[in-house]
Amino acid sequence: MKEKLLNNGEKIIIREIVPDDAEKMLEYCKIIGGETPYLTFGEEGLPITLEQEKGILKKMKEDKNSHFLCADKDGEITAAINVSWPNKKRLKYSAEFGISVKKKYWRMGIGKLLLHEIIEVCKENGIRKLNLKVVEGNERAMSLYKSFGFVVEGKISREHFFNGEFQAAYCMGLEID
Ligand SMILES: CC(C)(COP(=O)(O)OP(=O)(O)OC[C@H]1O[C@@H](n2cnc3c(N)ncnc32)[C@H](O)[C@@H]1OP(=O)(O)O)[C@@H](O)C(=O)NCCC(=O)NCCS
């Protein structure tokens, strides 16, 4: 658990998401899903029950190859980031992550704080490459990644489907040495 300052001087806590956050997380997903076309779900949130979400969070907490962090502001989950990597000898050096921040907290520095934290987690675990996919047009997210040194490594067509149309996604990556 770490206390950090936002751009406006307010305090947030960066901490692991635990099974007891399940209800908050399902609510959080409905909110962020309705705020952007760039996530894998919309305002309906995740298609799972509270019990399933608890089970998923429990498994993630126990899994050494996955970390799920949130930015907690006075008990409110304002943002989340997860990173995971395979447990296989030939694949265990490259991880994937996903990030989201509630719209009312955009541009306050939370994205940067969480990404910095996850890069530290990667370094501590010997990860040498961090990857993600970002939907074409998500300039806000791409700027954040580029500011950390991520580069575009490829483009996949028809990765995403929204409002009756396919969208491509960029593969971005950061080598960690
Ligand atoms: C993308 C997202 C995670 C950024 O989070 P954030 O907390 O707003 O980001 P920060 O405030 O830490 O900003 C960090 C950097 O991102 C970039 N950035 C953020 N908002 C931006 C904007 N409106 N335009 C251009 N660049 C922007 C800038 O490089 C910024 O650095 P700066 O403030 O020093 O210029 C957030 O907007 C979000 O959750 N979007 C919806 C979900 C999503 O798209 N997730 C990513 C899927 S791949």
Side-chain angles (χ1 to χ4, degrees), residues 1-46 48 53 56-57 60-61 63 65-85 95-125 127 129-152 160 162 169-176:
M1 196 187 275
K2 289 183 187 170
E3 192 174 275
K4 297 279 175 183
L5 290 183
L6 303 183
N7 293 345
N8 63 5
E10 288 179 3
K11 286 179 190 163
I12 54 151
I13 303 284
I14 296 185
R15 63 168 178 84
E16 287 273 354
I17 294 176
V18 294
D20 278 350
D21 290 314
E23 198 169 347
K24 278 187 187 174
M25 280 311 291
L26 289 181
E27 194 48 40
Y28 171 81
C29 288
K30 284 184 186 165
I31 295 171
I32 56 164
E35 292 179 336
T36 170
Y38 297 123
L39 292 172
T40 54
F41 50 87
E43 62 190 7
E44 72 286 357
L46 301 179
I48 54 172
E53 175 69 349
I56 291 168
L57 295 181
M60 286 176 93
K61 194 167 180 286
D63 184 358
N65 299 346
S66 116
H67 289 263
F68 199 6
L69 307 180
C70 71
D72 181 321
K73 189 165 185 303
D74 306 321
E76 177 190 0
I77 293 181
T78 64
I81 190 164
N82 70 299
V83 65
S84 61
W85 56 90
E96 283 221 27
F97 82 97
I99 183 171
S100 60
V101 179
K102 269 189 194 167
K103 196 169 185 175
K104 66 174 170 170
Y105 294 101
W106 284 1
R107 212 71 209 249
M108 295 173 83
I110 297 184
K112 261 188 192 169
L113 287 173
L114 287 180
L115 191 47
H116 175 80
E117 211 54 41
I118 278 302
I119 292 171
E120 289 305 304
V121 167
C122 285
K123 287 180 180 166
E124 284 161 17
N125 286 277
I127 301 297
K129 180 76 194 299
L130 186 54
N131 295 317
L132 78 139
K133 282 188 223 158
V134 54
V135 177
E136 188 172 25
N138 193 353
E139 301 301 337
R140 193 184 305 275
M142 288 184 81
S143 304
L144 169 64
Y145 307 142
K146 283 178 184 167
S147 74
F148 275 80
F150 282 81
V151 295
V152 172
H160 211 246
F162 177 72
Y170 290 108
C171 301
M172 295 185 76
L174 175 73
E175 292 185 356
I176 301 173

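Worth knowing before you read on, the calculation uses all heavy atoms, side chains too, and leaves out hydrogens, waters and symmetry mates. Model, not experiment: these values are computed from the prediction.
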Under 4.5 Å between any side-chain heavy atoms of [X] and [Y], yes or no?
X      : Y      : result
Met172 : Phe148 : no
Glu120 : Lys123 : yes
Phe68  : Val83  : no
Ile77  : Met25  : yes
His67  : Asn82  : no
Thr78  : Val101 : no
Leu130 : Ile118 : yes

If I take atom [atom1] from residue [X] and atom [atom2] from residue [Y], how far apart are they, to the nearest 0.5 angstrom?
X      : Y      : atom1 : atom2 : value
Ile13  : Leu69  : CD1   : CG    : 13.0 Å
Leu57  : Leu26  : CG    : CG    : 8.0 Å
Ile14  : Leu113 : CD1   : CG    : 5.0 Å
Trp85  : Ile127 : CH2   : CD1   : 5.0 Å
Lys24  : Cys29  : NZ    : SG    : 14.0 Å
Arg107 : Asn7   : CZ    : CG    : 9.0 Å

Specify the closest pair of heavy atoms between [X] and [Y], including all atoms of both residues, with the distance to one decimal.
X      : Y      : answer
Ala79  : Ile110 : CB-CG2, 3.4 Å
Lys104 : Met108 : O-SD, 3.9 Å
Ile99  : Leu39  : O-CD2, 4.5 Å
Ala80  : Ile17  : CB-CD1, 4.1 Å
Asp21  : Glu16  : OD2-O, 4.2 Å
Leu114 : Ala71  : CD2-N, 4.3 Å

Salt bridge (Lys or Arg N to Asp or Glu O under 4.0 Å) involving [X] - partner list, sequence neighbours excluded:
X      : answer
Lys133 : Glu159
Glu139 : none
Lys4   : none
Lys146 : none

Query raised in the report: Does the side-chain contact (heavy atoms from CB on, under 4.5 Å) test come out yes or no for Leu5 and Ile12, once each step is laid out?
Result: CA-CA 6 Å; Leu5 290 183; Ile12 54 151; over 6 Å; no

Please list, chain by chain and in numerical order, all residues satisfying side-chain hydrogen bond (donor to acceptor under 3.5 Å, both in side chains) with [X], sequence neighbours excluded.
X      : answer
Glu117 : Lys2
Lys129 : Asn131, Glu153
Lys102 : Glu76
Asp72  : Arg15

Requested in this report: Report the C-alpha separation of Glu136 and Tyr170 in whole Å, then their side-chain angles, then the decisive distance to 0.1 Å, and conclude whether the side-chain contact (heavy atoms from CB on, under 4.5 Å) test is met.
Outcome: CA-CA 6 Å; Glu136 188 172 25; Tyr170 290 108; 3.5 Å; yes

Would you please name every residue forming a side-chain contact (heavy atoms from CB on, under 4.5 Å) with [X], sequence neighbours left out?
X      : result
Ser66  : Met60, Asp63, Ser84
Asp74  : none
Phe162 : Pro37, His160, Gln167

Requested in this report: Before giving the answer on side-chain contact (heavy atoms from CB on, under 4.5 Å), spell out for Phe150 and Leu144 the whole-Å C-alpha distance, their side-chain angles and the decisive distance to 0.1 Å.
Outcome: CA-CA 9 Å; Phe150 282 81; Leu144 169 64; over 6 Å; no

Report task. Please test Phe97 against Tyr145 for ring pair (Phe, Tyr, Trp, His ring centres under 6.0 Å), starting from the C-alpha separation and ending with a verdict. Result -> CA-CA 11 Å; Phe97 82 97; Tyr145 307 142; 5.7 Å; yes

Requested in this report: Using modelled atom types only, decide if a donor and an acceptor are shared between the side chain of Asn8 and the backbone of Glu10 within a distance under 3.5 Å.
Outcome: yes

Query raised in the report: What pairs meet the side-chain hydrogen bond (donor to acceptor under 3.5 Å, both in side chains) rule with one or both residues in residues 28-44, with sequence neighbours excluded?
Result: Tyr28-Ser100

